[in-house]
Number of protein chains: 2
Amino acid sequence: MPSAPAAGAAVVRDGAAVVHRGADASGKMDTMPSTDSLVPRTGERAHDVVLAHIETELREGRLSVGDRLPGERALAEQFGISRASVRDAIRTLEVMGVVRSATGSGPKSGTVVVSDPTSALGQALRLHVASRHLPVADIVQARIMMETWCLSRAAGSTWEPAAIDEARALLDAMDDPSLPSKAFTALDAQFHVALSALAGNSVVSTMMESLRESTRGYVDEAVATLGNWDEIAADLRLQHRAIFEAVEAHDGERAARLVREHIEWFYAQTL
Amino acid sequence: MPSAPAAGAAVVRDGAAVVHRGADASGKMDTMPSTDSLVPRTGERAHDVVLAHIETELREGRLSVGDRLPGERALAEQFGISRASVRDAIRTLEVMGVVRSATGSGPKSGTVVVSDPTSALGQALRLHVASRHLPVADIVQARIMMETWCLSRAAGSTWEPAAIDEARALLDAMDDPSLPSKAFTALDAQFHVALSALAGNSVVSTMMESLRESTRGYVDEAVATLGNWDEIAADLRLQHRAIFEAVEAHDGERAARLVREHIEWFYAQTL
DNA sequence: TGGCCACATGTGGTCGGACCATAGTAGGCA
DNA sequence: TGCCTACTATGGTCCGACCACATGTGGCCA
């Protein structure tokens, strides 16, 4: 009877008594009391155990970006659960942009801790846009709110030379007239992000980038069907230059106004 | 003995030719670029097929909130992949807040399409806060940006009576002096969200709620260690009333200023 | 000796089959 | 008629195996 509630692994969850397999028989007795889990929080959904453990490790600094997690087989044995459940937990972390998995061997392989909230949030937002739950118009409005805020703040502060140079380099790269539209929009997105990053708020930068990411498909599709892309690109270049100069001149009010007009104008073109 | 298909061998399963991985190196794309989902697209990861299919269904409106997905076994058969890979894809969607899975039978069971970006984004943000990648100070700043924007906009527009009544009801509920601090902060969060929702931007509302969600543990922990919680709660009640009245009086500027001071003041208390 | 190639190793990815817990539902029995 | 028990379909977990990939390592040959 593997369903015997060994180790007192009975827990009340959502009003229902959930009795779970108690790490069964495989010689896990050495780690039975484990770190802290005797009765308090055991009995969780198997993969939640791994999830909670990794979050704790992260919070207490024992795991940080660049570190490699033990292999899936090792984790499974460590927690007395199956590899499938470990994979479940790791998949969760991967979707959230906390880890990245790669096959093969060597230092670049395996599951390593990264910090890529942007693509994670962006992908999630994209799906919710797909399900008609988040209108594109609201995303555009949110972008305007964030970018005007960022640029106002950026203009009022001093920046690292490298940061402003990055934006300038992107500006120059976009001047190439032979650039495919898709490459242009990619640089465009990077430019907006680089400029907004001058405000020095990583959360806002992350969210802005995620919003942009979530609508990238929409933008590229719209651009591809535009007949007068060359003219529009020319306008965009001028607008970008004007915005950049306003920020560089520490004129926050003008920068905010210009970027607002810039985004609203471009969005109107794609309707 | 489970049929051990040799590398590159074609296995016939359920009437559909399934080419196992490893055939990518040889001829691949030349095989019927059919859009039919019965033909696996080699070179794509197994679970990505399901993911892409569901996103398409979502985008084209064939799937919407409340619909039930086919069972995991059915999907596995439909795509000619294993149930484990189907589960991988569904787990991804679940983490993103696109579906919700429940065991059992009946209409409420199985995998159902929902739209819960808030908890998904909130959980992801929380993990990145845990990994020291997103400072709490930046989150507070982002909240201030969003809430001041929301309240300015909310004050300048007309709202559904039900929406403003909800905020008022939360305000009244927080007046209960016997409320545990944790219950108070929960109502507090709901109040901020309800008020900000008056601005009518679902994306900003979602992000605001996610930010609050991601710092809930931090806030509750800080509140629990405060010695003078009763005094602070009294101050919070007054501030909430003032903010609410400013919005109700359509004084956007005052509402924005008050909510900024409110958040900054509370954050300062928890340091 | 030096460079190259084949194999050993360890990783995540996939597979298929099995069993369990859960929650509705249909059917049997009183 | 009403209650209770099987039945069924669902996701959750487990196991053991194999595959594709990337790297390291050793031996072989020039």
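Below, chains carry the letters A, B, ... as their sequence lines are ordered, and counting in each starts from 1. When reading the values below, keep in mind they use all heavy atoms of this one structure, side chains included, and skip hydrogens, waters and symmetry mates.
The nearest whole Å value for the distance from the CD atom in B/E72 to the P atom in D/dG12 is 6 Å. Atom pair B/R83:CZ and C/dG13:C1' shows a separation of 18 Å (rounding to whole Å applied). Taking atom CG of residue A/D88 and atom P of nucleotide C/dG12, one finds them 15 Å apart after rounding to whole Å. Atom-to-atom, CD1 of B/I81 to C1' of C/dG13 comes out at 12 Å; the value is rounded to the nearest Å. Whole-Å rounding puts the B/L69 CG to D/dA9 C1' distance at 16 Å. Spacing between atom CZ of A/F79 and atom P of D/dT13 amounts to 15 Å, rounded to whole angstrom units.
Between A/S109 and C/dG10, a side-chain N or O to OP1/OP2 separation shorter than 4.0 Å is absent. Contact between the side-chain N/O atoms of B/R87 and the OP1/OP2 oxygens of D/dG12 is found at a separation under 4.0 Å. For the pair A/H47 and D/dT13, the criterion of a side-chain N or O lying under 4.0 Å from OP1 or OP2 is met. Side-chain N/O atoms of A/S85 include one lying less than 4.0 angstrom from OP1 or OP2 on D/dC14. Residue B/R73 has no polar side-chain atom (N or O) positioned under 4.0 Å from OP1 or OP2 of D/dT10. Within the 4.0 Å cut-off from OP1 or OP2 of C/dA23, not a single side-chain nitrogen or oxygen of B/K108 is found.
Applying the salt bridge (charged side-chain N to carboxylate O under 4.0 Å, His left out) criterion to B/D165, with sequence neighbours excluded, gives B/R168. Looking at residues two or more places apart in sequence or on another chain, you find a salt bridge (charged side-chain N to carboxylate O under 4.0 Å, His left out) between B/R216 and B/E213. Remark: B/D188 engages B/M174, B/F184, B/H192, B/R212, B/L236, B/H240 in a side-chain contact (heavy atoms from CB on, under 4.5 Å) (not counting sequence neighbours). Applying the side-chain contact (heavy atoms from CB on, under 4.5 Å) test to B/A183 and every residue at least two apart in sequence or in another chain returns B/L179, B/P180.
Only B/S101, B/A102, B/T103, B/G104, B/S105, listed by number, bring a heavy atom of residues 90-107 of chain B to less than 4.0 angstrom from any atom of DNA chain D.
Listed nucleotides C/dG12, C/dG16, D/dC15 differ in distance to A/S82; the shortest reach to its side chain belongs to D/dC15. Residue A/R68 places its side chain closer to C/dT11 than to any other of C/dG12, C/dT11, D/dG11. In this structure, the nucleotide among D/dG11, C/dT14, C/dG12 sitting nearest to the side chain of B/R45 is C/dT14.
A donor atom on one side chain and an acceptor atom on the other are not found under 3.5 Å apart for B/T206 and B/T118.
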Side chains of residues 63-73 of chain A: which donor-acceptor pairs under 3.5 Å do they make with residues two or more places apart or in other chains?
unit_1: A/D67; atom_1: OD2; unit_2: A/S64; atom_2: N; d: 2.9
unit_1: A/R68; atom_1: NE; unit_2: A/S109; atom_2: O; d: 3.4
unit_1: A/R68; atom_1: NH1; unit_2: A/G106; atom_2: O; d: 3.4
unit_1: A/E72; atom_1: OE1; unit_2: A/R83; atom_2: NE; d: 2.9
unit_1: A/E72; atom_1: OE1; unit_2: A/R83; atom_2: NH2; d: 3.1
unit_1: A/E72; atom_1: OE1; unit_2: A/R87; atom_2: NH1; d: 3.4
unit_1: A/E72; atom_1: OE2; unit_2: A/R87; atom_2: NH1; d: 3.1

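Atom CZ of residue A/R126 and atom CD1 of residue A/I139 lie 11.5 Å apart, to the nearest 0.5 angstrom.
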